[in-house]
Amino acid sequence: MNFDLQDLSGTFTTFDIIVSLSLSFVLSAIIAWVYRYTHKNVSYSQSYVQTLVLCGMIITLIMLVVGSNIARAFALVGALSVIRFRNAIKETRDVGFIFLVMAIGMTTGTRFYVLAIAATVAICLVMLIMYKFNWFKLDVQRQVVKVQVPPEQEYTSLVEDVLIEYCTDFELVSTEAVRSGALNELYYTAQLKKNKKPTELISALSGVNTGQRVTVLTGYDQTDI
């Protein structure tokens with residue numbers, strides 16, 4: 001039996017491998033640093049940032065293997081399609097960074113080095129500018145108001161009269177029966193007027209709901225009575 005072992009490494013040189021993987025590492029590390037620098041929330045994960053760098057280099061390797069061979073490309077797609085990711089992405093911007101390192105990995109793997117460098121610099125610069133100047137921030141703070149009232153409709157009307165007085169707008173989100181139907185718990189989203197405070201809203205609502213529980217949630221702070 002004749003085994004013909006063919007080495008396909010000749011389709012790219014050692015120089016191509018070193019330059020592609022090295023450049024992919026550097027550019028992915030820059031993207032990871034920008035992600036770390038512009039991250040605001042408490043959901044930061046060192047593992048995720050390291051995965052960004054790893055992902056960029058792996059995509060580069062895949063593109064070197066695929067080259068211009070269509071059959072090889074379909075084979076890799078079929079092999080990778082069996083992978084299932086079970087970790088949920090915590091923020092939508094995280095998906096954007098994943099696509100960015102994948103794109104950079106693809107460009108370095110196909111040896112579009114200038115394009116990879118230019119794209120990394122341009123997109124990271126855009127991210128830094130948006131972070132620095134806080135672009136697209138919606139400076140509107142809404143509150144969640146939870147009020148327990150007797151089931152009679154008149155109490156709901158009294159609560160909404162108070163909300164009209166203290167809020168620029170409000171919306172009833174849901175109504176839930178509590179204490180075996182003895183009370184209704186009303187959930188509103190509302191925006192307080194500029195000269196009104198949550199404690200004032202609570203005092204006013206407590207005066208019309210027969211002393212039942214009132215809760216106002218503002219951002220991460222909770223005022224309760």
Side-chain angles (χ1 to χ4, degrees), residues 31-49 52 85-100 122-225:
I31 294 169
W33 178 85
V34 171
Y35 173 86
R36 179 181 179 275
Y37 180 77
T38 58
H39 195 278
K40 294 182 179 181
N41 298 330
V42 296
S43 60
Y44 176 80
S45 170
Q46 181 185 12
S47 175
Y48 171 79
V49 179
L52 287 178
F85 297 96
R86 301 188 183 277
N87 288 345
I89 298 296
K90 298 181 178 64
E91 297 184 30
T92 51
R93 71 191 298 269
D94 292 359
V95 179
F97 276 92
I98 291 175
F99 276 110
L100 177 56
I123 296 174
C124 287
L125 185 61
V126 169
M127 289 299 303
L128 290 171
I129 291 174
M130 288 195 295
Y131 172 78
K132 184 69 175 178
F133 295 100
N134 209 14
W135 283 11
F136 311 115
K137 179 184 178 183
L138 183 61
D139 195 16
V140 175
Q141 188 176 37
R142 296 186 68 84
Q143 288 74 34
V144 175
V145 181
K146 296 192 294 183
V147 190
Q148 291 183 351
V149 296
E152 289 77 18
Q153 180 62 35
E154 61 183 283
Y155 290 100
T156 302
S157 299
L158 290 174
V159 167
E160 294 186 351
D161 288 341
V162 172
L163 292 176
I164 291 172
E165 180 182 354
Y166 283 82
C167 304
T168 56
D169 67 88
F170 64 91
E171 180 181 0
L172 179 64
V173 177
S174 67
T175 303
E176 181 181 353
V178 296
R179 298 186 187 178
S180 301
L183 295 173
N184 286 341
E185 189 165 62
L186 310 175
Y187 286 76
Y188 293 91
T189 60
Q191 185 177 351
L192 281 175
K193 295 179 180 178
K194 291 184 178 180
N195 59 338
K196 302 296 183 180
K197 297 180 180 179
T199 51
E200 296 174 346
L201 176 60
I202 288 177
S203 298
L205 290 172
S206 298
V208 299
N209 76 332
T210 67
Q212 302 300 327
R213 183 167 181 164
V214 178
T215 303
V216 176
L217 298 170
T218 305
Y220 292 102
D221 300 324
Q222 176 172 326
T223 307
D224 198 349
I225 188 170

- [ ] Measure centre to centre between the rings of F97 and Y48, then say whether the value is under 6.0 Å.
- [x] no
Straight-line distance of [X] [atom1] to [Y] [atom2], nearest 0.5 Å:
| X | Y | atom1 | atom2 | result |
| --- | --- | --- | --- | --- |
| N184 | Q153 | CG | CD | 9.0 Å |
| N209 | L183 | CG | CG | 9.0 Å |
| Y131 | K40 | OH | NZ | 6.5 Å |
| L100 | L52 | CG | CG | 8.5 Å |
| I129 | C124 | CD1 | SG | 11.5 Å |
| Y44 | Y35 | OH | OH | 8.0 Å |

Task: Qualifying residues under side chain to side chain donor-acceptor pair (under 3.5 Å), relative to E185, sequence neighbours excluded - done: Q148, Y187
Task: Contacts of type side chain to side chain donor-acceptor pair (under 3.5 Å), residue T38, not counting sequence neighbours - done: R93
Sequence neighbours excluded and cut-off under 3.5 Å, please list the side-chain donor-acceptor pairs for residues 163-173, or say none.
| unit_1 | atom_1 | unit_2 | atom_2 | d |
| --- | --- | --- | --- | --- |
| T168 | OG1 | Q191 | O | 3.2 |
| D169 | OD1 | R142 | NH1 | 2.8 |
| D169 | OD1 | R142 | NH2 | 3.0 |

Please determine whether the number of non-hydrogen atoms from other residues, nucleotides or ligands lying under 6.0 Å from atom [atom1] of [X] exceeds 12.
| X | atom1 | value |
| --- | --- | --- |
| K193 | NZ | yes |
| Y37 | OH | no |
| Q46 | CD | no |

TODO: Let me see the working for L201 and K196 under side chain to side chain contact (heavy atoms under 4.5 Å, CB included), right down to the final yes or no.
DONE: CA-CA 7 Å; L201 176 60; K196 302 296 183 180; over 6 Å; no
Open item on the list: Tell me the closest heavy-atom pair linking V145 and A190, and the distance in Å.
Closed with: CG2-CB, 4.4 Å
